[in-house]
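What follows is a short report on a single structure.
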Amino acid sequence: MSRRPVPDHGTYARANGSPGYREPCHCEPCTEEKRRCRKRSKVNRQLGRSCFVDAGPAREHLKTLHKTMGWLSLAAATEYDDKSLFLLHSGRRKKITRAVHARIMAVQPPKAADPGLYIDVTKSMRQIRALMAIGHSGRVIAEAAGSTQARIHLISSGTQPTLRHGLADRIDDAYQQLSPAPAPVNHFSNRVRNCAAAKGWRDPLWWEDMGDIGDPDFDPNASEKTGRTELAAIRRAEVEHLASFGLSAEEIDQRVDLALSSIKAILLELRTGQRRDRSKAAA
C-alpha cells in the first residue's frame, strides 16, 4: 500500500498534522499559514459565513468531467484526492469547502478522453458482434484491435459492463477496417457466421441502416419488431389496392413480395368484411 504524499511546508495540512499519522510542523511558513487560516475561520464565523458550500454544482460539473477524465487525472487537476472525489460524485458528500469548489469548477473538460477511462461497453460489444456476423473471427478482430482473443470474446459475450477508452478506440478502428468486406468464405468463417446468426447478432449493414450502434438505450429487437410491423402494413395495403382492381391472388403474388398463402388470407378477410358490411346495410 503506497503512502500518502506529505503536504508541502506552508500549508495548513502540514502545519496542523494528522493524528496518528503525521506530527504538526512548527516551521515559520507552516505557523504563519495556520495562524492565517484560523483568523479567516474566526472572521467568517463572526460574519455568519460558512466555509462550506452546497456540493451540488460541483458534483454536476464533476460528472461532466468524468465523461472524459479518470479519477487519477481528476485528482491531479483538482488537487483533491480521488476517494473524496468519488464520494462527491456518488452524492454521499453533501458539503465541500469553498476552495475545493473553486478548484473543481476551474477544471475544463479535455478535448480527448483519457485512454484509461472506463466507458460503457455497448458500442464495442455491438461492433465485435457485427464483425462476427460477417465471418470475422475473434482472432482476426483481436489482431486488428491490438488486443487478445480472450478479451474480444469476453466483450462480445456481454458480461463485461465497461472497458477502457483506449481499447474502445482500437476496436472502433478495427471495425472501420474490417466491416466494409465480409471474411473469406471457408469452413471456419462459416462457423463464425452461423454462431452469430444463432445468437441473433446483426451485421454492419443492419447497423448502418439503423444508425444507433453506440446508443445504449436503443433496443434492436424492439426496432426490428416495429420495422416488421410497418412492412407488413405496407404490403397489406398493396394487396388491398391490387385486389380493388379485381386481380386474383396468383396475379397479386407476381407483383408483391409476399407468400401466396398470406395474400389469400388477406383477400379472405376482405371478402368476409365486405359480406359483413352488406349484411349490416341490409338490416
Side-chain angles (χ1 to χ4, degrees), residues 63-74 109-232 234-235 257-258:
K63 289 180 179 179
T64 302
L65 295 174
H66 188 47
K67 293 178 180 178
T68 52
M69 299 177 68
W71 292 118
L72 295 179
S73 299
L74 284 168
K111 295 181 179 179
D114 287 351
L117 177 68
Y118 282 94
I119 61 174
D120 184 79
V121 76
T122 302
K123 181 179 180 180
S124 299
M125 177 188 68
R126 288 173 174 173
Q127 287 177 327
I128 293 172
R129 290 179 175 182
L131 292 177
M132 290 181 173
I134 57 175
H136 293 293
S137 65
R139 180 180 60 81
V140 172
I141 299 172
E143 289 178 356
S147 184
T148 64
Q149 188 172 346
R151 174 66 65 186
I152 293 299
H153 283 294
L154 180 63
I155 295 172
S156 68
S157 68
T159 57
Q160 180 173 318
T162 59
L163 80 167
R164 292 188 182 274
H165 195 281
L167 177 57
D169 284 343
R170 297 200 302 273
I171 292 175
D172 184 63
D173 292 339
Y175 182 78
Q176 303 303 328
Q177 173 188 341
L178 298 174
S179 61
V185 178
N186 53 49
H187 174 72
F188 190 71
S189 65
N190 287 339
R191 188 169 66 178
V192 174
R193 285 189 185 91
N194 293 337
C195 181
K199 295 178 180 178
W201 293 352
R202 282 80 178 175
D203 60 27
L205 288 177
W206 190 94
W207 283 110
E208 185 178 345
D209 291 337
M210 303 310 297
D212 290 300
I213 194 168
D215 184 4
D217 298 325
F218 174 73
D219 185 358
N221 294 322
S223 175
E224 201 168 59
K225 183 178 180 181
T226 303
R228 287 197 299 267
T229 303
E230 293 176 351
L231 181 59
I234 292 173
R235 287 176 175 170
D257 184 16
L258 193 63

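Every residue was checked against the side-chain hydrogen bond (donor to acceptor under 3.5 Å, both in side chains) condition with Thr162, not counting sequence neighbours, and none meets it. By the side-chain hydrogen bond (donor to acceptor under 3.5 Å, both in side chains) test, Arg151 is found to be paired with Gln160, residues two or more places apart in sequence or in another chain being considered. Scanning for salt bridge (charged side-chain N to carboxylate O under 4.0 Å, His left out) contacts around Asp169 gives an empty result, with sequence neighbours left out. Contacts of Ser147 classified as side-chain hydrogen bond (donor to acceptor under 3.5 Å, both in side chains), with partners at least two apart in sequence or in another chain: none. Qualifying side-chain contact (heavy atoms from CB on, under 4.5 Å) partners for Asn194, counting only residues two or more places apart in sequence or in other chains: none. Listed by chain and number, the residues in a side-chain contact (heavy atoms from CB on, under 4.5 Å) with Met69 are Leu65, Ser73, Leu74, Ala77, Val107, Pro110, Asp114 (sequence neighbours excluded). The ring-ring contact (aromatic ring centres under 6.0 Å, His included) test applied to Trp71 returns His66, Phe86, His89, not counting sequence neighbours. Considering only residues two or more places apart in sequence or on other chains, Arg193 meets the side-chain hydrogen bond (donor to acceptor under 3.5 Å, both in side chains) condition with Ser189, Asn190.
For the pair Arg164 (side chain) and Leu117 (backbone), a donor-acceptor distance under 3.5 Å is absent.
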Q. Would Tyr175 and Ile213 count as a side chain to side chain contact (heavy atoms under 4.5 Å, CB included) if you check the C-alpha gap in whole Å, the side-chain angles of each, and the deciding distance to 0.1 Å?
A. CA-CA 12 Å; Tyr175 182 78; Ile213 194 168; 3.9 Å; yes
Pair Asp203-Leu131, side chain to side chain contact (heavy atoms under 4.5 Å, CB included): steps then yes or no: CA-CA 7 Å; Asp203 60 27; Leu131 292 177; over 6 Å; no
Given Ser124 and Leu163, is the side chain to side chain contact (heavy atoms under 4.5 Å, CB included) satisfied, shown in steps? CA-CA 9 Å; Ser124 299; Leu163 80 167; 3.8 Å; yes
query: Where do Met132 and Ile141 land on the side chain to side chain contact (heavy atoms under 4.5 Å, CB included) test, with the steps shown first?
result: CA-CA 9 Å; Met132 290 181 173; Ile141 299 172; 4.0 Å; yes
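A side-chain contact (heavy atoms from CB on, under 4.5 Å) with Lys123 holds for exactly one of Ile128, Ile171, Asp172; it is Asp172.
A distance of 11.0 Å separates OG1 in Thr122 from CD in Gln127, rounded to the nearest 0.5 Å.
Within the structure, side chain to side chain donor-acceptor pair (under 3.5 Å) contacts touching residues 134-143 (residues at least two apart or in different chains) are Arg139-Glu143.
Nearest approach of Ala174 to Ala144, heavy atoms of both residues: CB-CB, 3.6 Å.
Side-chain atoms of Trp206 and Trp201, non-hydrogen and from C-beta on, never get closer than 4.5 Å to each other.
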